[in-house]
Every structure is written in structure tokens, then in C-alpha cells.
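Only one structure is covered here, and it is reproduced in the block below.
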Amino acid sequence: MIRSFISRHKETLLITLLGLLIMAALNIMMLQWQPDLFTSTRYGAWSQFWNHGEFSGFDTYTYIVVSSFRPVYVLSRHPLLAMMMWPMYEVNDMLRSELHINCAIYVVAVLWTLLATCSWVLMYRIVRKVIRMSWRASLLLTIFFFSLSHVMIITFFPDHMGVTLPLILLAIYLAGRAVRGQRTMPLWQSLPLAFLATGVTTTNIVKVGLADFFTRIGKQPFARVCLHFLFYLIPLALLYGAYSYQLDTTQKAEQELKQNIIDKKSAKNESFARKHKAEEAKMAEIRKHQIFDNPIVTNTEYHIDRIPSLVENIFGEGLLLHEDYPLKDANREGHRPVLVRYNHWWYYAVEATIVSLFLLGLWYGRRERLMCMTLSMFLCDMLLHVGLNFASSDVYIMTAHWAFILPISYAYLLKKAPLPLRLSALVLMFALTIFLWWHNLSLVAYHIFA
């Protein structure tokens, strides 16, 4: 029986094993980043990870939660994330009592290896089973996807996008299989996915809803499609209940703890008190210049130019790390400018090649429902990040929310373009994959081992 199972699923098992080895290696590399400091029990989790955990614009909240279960995530944007990390905190607490070190980085590394491997397998299966490419092309496009700088990073750095990515890819995969089978996405798939994905990041409900929508539009009357989405009130109601409960319990306790710390430090240190008041005044001034400001969508500064942001951050830093200020955080004063230019023209040539292949793939896949579905998800993110300038100071960290459209569009280019163009594109994709892995991984490794 086991031999028969292995024989039937040999390809999937080999692809999974390859992905597991790559993701495990990346996470082992991450464990070399300040291990003595991060495993010490002498310091508080906030000063231990936040003060010393600069890695691009990503935060170290997950390490803090797993170390001390302080609900530091912004609850309106991540209503279930702290609760999801609670079992990891319990495991770490048990290990700490036995080993007398903080094992948060090891517990998180195991979890992130599994999540990243799931993303790897799902990306492969979208190209292989839904778009129906060869295993060689599917593997190349999967490896290419994880060569993109801020997709690669979330496979080992514990930002919430490492949890979001497999859930969104699962929604795309299930919807793609439903479209291919000329059926709709069943509620038993869409509603739990909407609940979990939205619990990780609130805006994810849009992507799950779009995946569901594209399996129904054209197959059901529009009025029936609209009525179907009333069922989404169920996961939304459950999420609001979880949000309200945490707001009155853990979040209230966290706010009181923060205020007590600020009050004590201010009473002892006049310099700290002045600095804190200056930071509050600065935040109040920033809020005056928002295009759109609510608890879910914040930091929509209108003064950041959109075209340079597209070139240097969205299709620049998000895919290809800059050599200047590598993995520095623009939100930490004086650490990195919002816009950084590449040192050499060929980096822009690489970026232009990536975008050109993307546009060609969109053209050749324009009649495919999967392509239209992922394009609608991409456009929603561009509306937030370009239209509203949401999180524009470090927009590149959001890359995993939309970059899956690149390998999907490339797959349609390789499938539908004329043979000479297909061969040229294949050579370019192969070269891009090698270059991006070498360039991005070398800068990441330097940051970790320096």
C-alpha cells in the first residue's frame, strides 16, 4: 500500500521534499542571526527583539508573542494572529522551563519551514495542475517565485505574510481547480478560508472573495452571486466576536502595561518624556496628511511620489534588493531613505525584463479566468499601495500579497506565445531565476552573518 501510494504521488513527494529542504536551509540560516541575544532569558522580549531585530521593514512581533505572549499585533488588521501564535508560546514556555533558554526562534523556524513548504507546493500545483504546464516549467516558475527578494524573506522571517501566503495560494488553487472543473467553489472551502485568511490580515477577505467570485460569475445569475456573499457575514461575525473579546481582555491589559511603562520611564527620565511627547506630536502631524485613515488602512501619505515608488520599491526592492541600505528599515529614523536608487543600470534592465515578461503574460492569458482572477487581486493591492499610498514608506514588504501573479502570467506566456517568443522567454526566466537567487540571497546572508 505504501509503495503504491509513493508510486502514484512520486512527483508531488519529490517536489515537496525539495521545497522542504530549501525552506529548512533558509530557516537554519535565519537561526544564525544573533542567536546568543535572541535565546537569552536575561532581557525582556520587546527590548530583545524589537530593539535588535531590524530586517527590512518587517516587524518582530511574532518573536515577541511567542516569547512572552504580549498581543502586540494591531488587532484591527490581524484579529486572530495572536490567538494563532498562542500554541507556539505554550511550546516555547515548556521548552524554556526545561532548557533555560528562550526557544522562540527555534519554534518559529519549525513553523515557518512548514508554512513556506506549503506555499512552495501550492505554487507548484497552481502552475502544474491548474494551468497544466510541464513539471520542468512548473518547477522553474516555482523556484523563480521564491527568488523574489521579499517573497524569499517571508519564508524564514516571521512576519504575518508568511501565514497569509499559503492561505491565499490555497484560495487561488481551489478556485482554479473549480474553474477547470466547471464548478463553483463550495461554501465548506470558501468560508473557513475567509475566516482564517481574514483573521491573519483583514484585507485578505477581498482576495478570498474574488477567488470565490470568479468561480461563480458567468455560471450563476448575478443576483444569486450577490446573495451567496451574504454567507460571508458568518466568518465576519465570528471575527468581530474574537476582535471584541480581545479588545476587552488582552488588548486592554497590553495598553495598560504600555502606559505604565511609559509613565514610569517618564517620571525617572526627562529626556525620555520629551522624546515620547515629540514622537506623539510627530504621529499626530502624520495623521493630518493621510489620504485615508482608519484602523485597518493607515499610513496613506500623499506626498510620496507614485512612479518612483513603483520603480524603486514595488517592482524594485520588492523583487530585487538594493545594494545600498540592504534590509534597513525606512521607518527607523535615519536608517534608510524611503526611495533608494540602484547603483548600476543593469539592475533597472533586470526590473524592466521582469515587468515586460509580466505584461506579455497578461496579454497571452487575458482570456483565462485564473489570469483575470489573480489580476483582480493584484489591482486591489495596487489600489491600496499606489492609489492610496498605503504603507508606501516600506511597500516592498507587501510583495508576497501580490507577486504570485508573476509566475502565473509567465506560465501563460510559456503556454500560449509563439514558439520563438516562448523559447526567448524561457531563457530569460531561467537567467532571472539564477541571478535573483544569487543577488538576493547573498545580500540576505551578509545581513545575517555580518
Side-chain angles (χ1 to χ4, degrees), residues 16 19-31 33 38 49-50 53-67 72-74 77-89 91-92 104-124 126 142 145-173 193 196-204 207-208 318-319 321 327 329 377 381 391 394-404 407 440-441 444 447-448:
T16 303
L20 180 62
L21 291 173
I22 292 171
M23 301 311 162
L26 290 173
N27 277 275
I28 290 170
M29 177 186 69
M30 182 64 185
L31 292 175
W33 191 41
F38 289 162
F49 291 106
W50 183 261
E54 182 179 9
F55 212 106
S56 193
F58 294 113
D59 59 56
T60 51
Y61 288 164
T62 300
Y63 283 145
I64 295 169
V65 171
V66 174
S67 295
V72 291
Y73 301 113
V74 179
R77 292 206 293 266
H78 313 292
L80 290 183
L81 198 51
M83 298 170 77
M84 291 176 177
M85 293 300 124
W86 175 75
M88 302 300 107
Y89 162 73
V91 171
N92 181 42
I105 60 172
Y106 301 109
V107 173
V108 168
V110 172
L111 176 61
W112 249 248
T113 299
L114 296 176
L115 290 171
T117 304
C118 289
S119 297
W120 169 279
V121 173
L122 286 165
M123 187 74 255
Y124 178 85
I126 288 168
T142 301
F145 178 58
F146 287 96
S147 74
L148 304 175
S149 61
H150 282 75
V151 175
M152 180 193 296
I153 291 169
I154 60 97
T155 64
F156 57 83
F157 191 90
D159 187 83
H160 64 87
M161 267 164 280
V163 187
T164 283
L165 183 59
L167 292 171
I168 297 304
L169 290 178
L170 179 59
I172 293 170
Y173 175 69
L193 258 176
L196 290 173
T198 309
V200 175
T201 301
T202 312
T203 53
N204 284 343
K207 292 189 173 71
V208 176
L319 312 179
L321 291 174
L327 300 170
D329 188 350
M377 296 176 181
D381 275 44
D394 55 2
V395 67
Y396 38 83
I397 69 171
M398 308 292 182
T399 302
H401 278 177
W402 59 263
F404 45 77
N440 291 327
L441 189 57
V444 167
H447 183 81
I448 289 173

Checklist entry - Do V65 and Y89 pass the side-chain contact (heavy atoms from CB on, under 4.5 Å) test, and can you show the C-alpha distance, the side-chain angles, and the key distance before you say yes or no? => result CA-CA 7 Å; V65 171; Y89 162 73; 5.6 Å; no

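- Among residue pairs with one or both ends in residues 20-29, those qualifying as side-chain hydrogen bond (donor to acceptor under 3.5 Å, both in side chains) are N27-T113; sequence neighbours excluded.
- Looking at heavy atoms from C-beta onward, F156 lies in side-chain contact with V444 at the 4.5 angstrom threshold.
- Every residue meeting the side-chain hydrogen bond (donor to acceptor under 3.5 Å, both in side chains) condition with Y73, not counting sequence neighbours, appears here in chain and number order: T62.
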Next on the checklist: side-chain contact (heavy atoms from CB on, under 4.5 Å), that's the test. Do M85 and L111 meet it? Break it down for me.
Outcome noted: CA-CA 10 Å; M85 293 300 124; L111 176 61; 4.1 Å; yes

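- Of the options V163, L165, V110, T164, a side chain to side chain contact (heavy atoms under 4.5 Å, CB included) to L115 is made by V163 and by none of the others.
- Applying the side chain to side chain contact (heavy atoms under 4.5 Å, CB included) criterion to S149, with sequence neighbours excluded, gives L321, N440.
- Taking the six-membered ring where the residue is Trp, the centroids of Y63 and W50 are separated by 6.0 Å or more.
- When side chains are defined from C-beta on, L80 does not count as touching V200, because their heavy atoms never get closer than 4.5 Å.
- Contact of the T142 side chain with the P407 side chain is not registered, since no non-hydrogen atoms from C-beta on lie closer than 4.5 Å.
- With sequence neighbours excluded, no residue satisfies ring pair (Phe, Tyr, Trp, His ring centres under 6.0 Å) with H401.
- A donor-acceptor distance shorter than 3.5 angstrom exists from the side chain of N92 to the backbone of A104, with no hydrogens or angles considered.
- Partners of I22 by side chain to side chain contact (heavy atoms under 4.5 Å, CB included), not counting sequence neighbours, listed by chain and number: L18, L26, W120, W437.
- Using a 4.5 Å heavy-atom cutoff, the side chains of F38 and S67 are not in contact.
- Between W33 and H447, the two ring planes are tilted [angle within 30° to 60°].
- Checked against side chain to side chain contact (heavy atoms under 4.5 Å, CB included), L21 has the following partners two or more places apart in sequence or in another chain: L17.
- Under the 3.5 Å distance criterion, the side-chain polar atoms of D329 are left unmatched by any main-chain donor or acceptor of E54.
- Between L327 and I153 there is a side-chain heavy-atom pair separated by less than 4.5 Å.
- Between M88 and V108 the shortest side-chain heavy-atom distance does not fall below 4.5 Å.
- Classification of the H160-H78 ring pair by plane angle, with boundaries at 30° and 60°, yields tilted.
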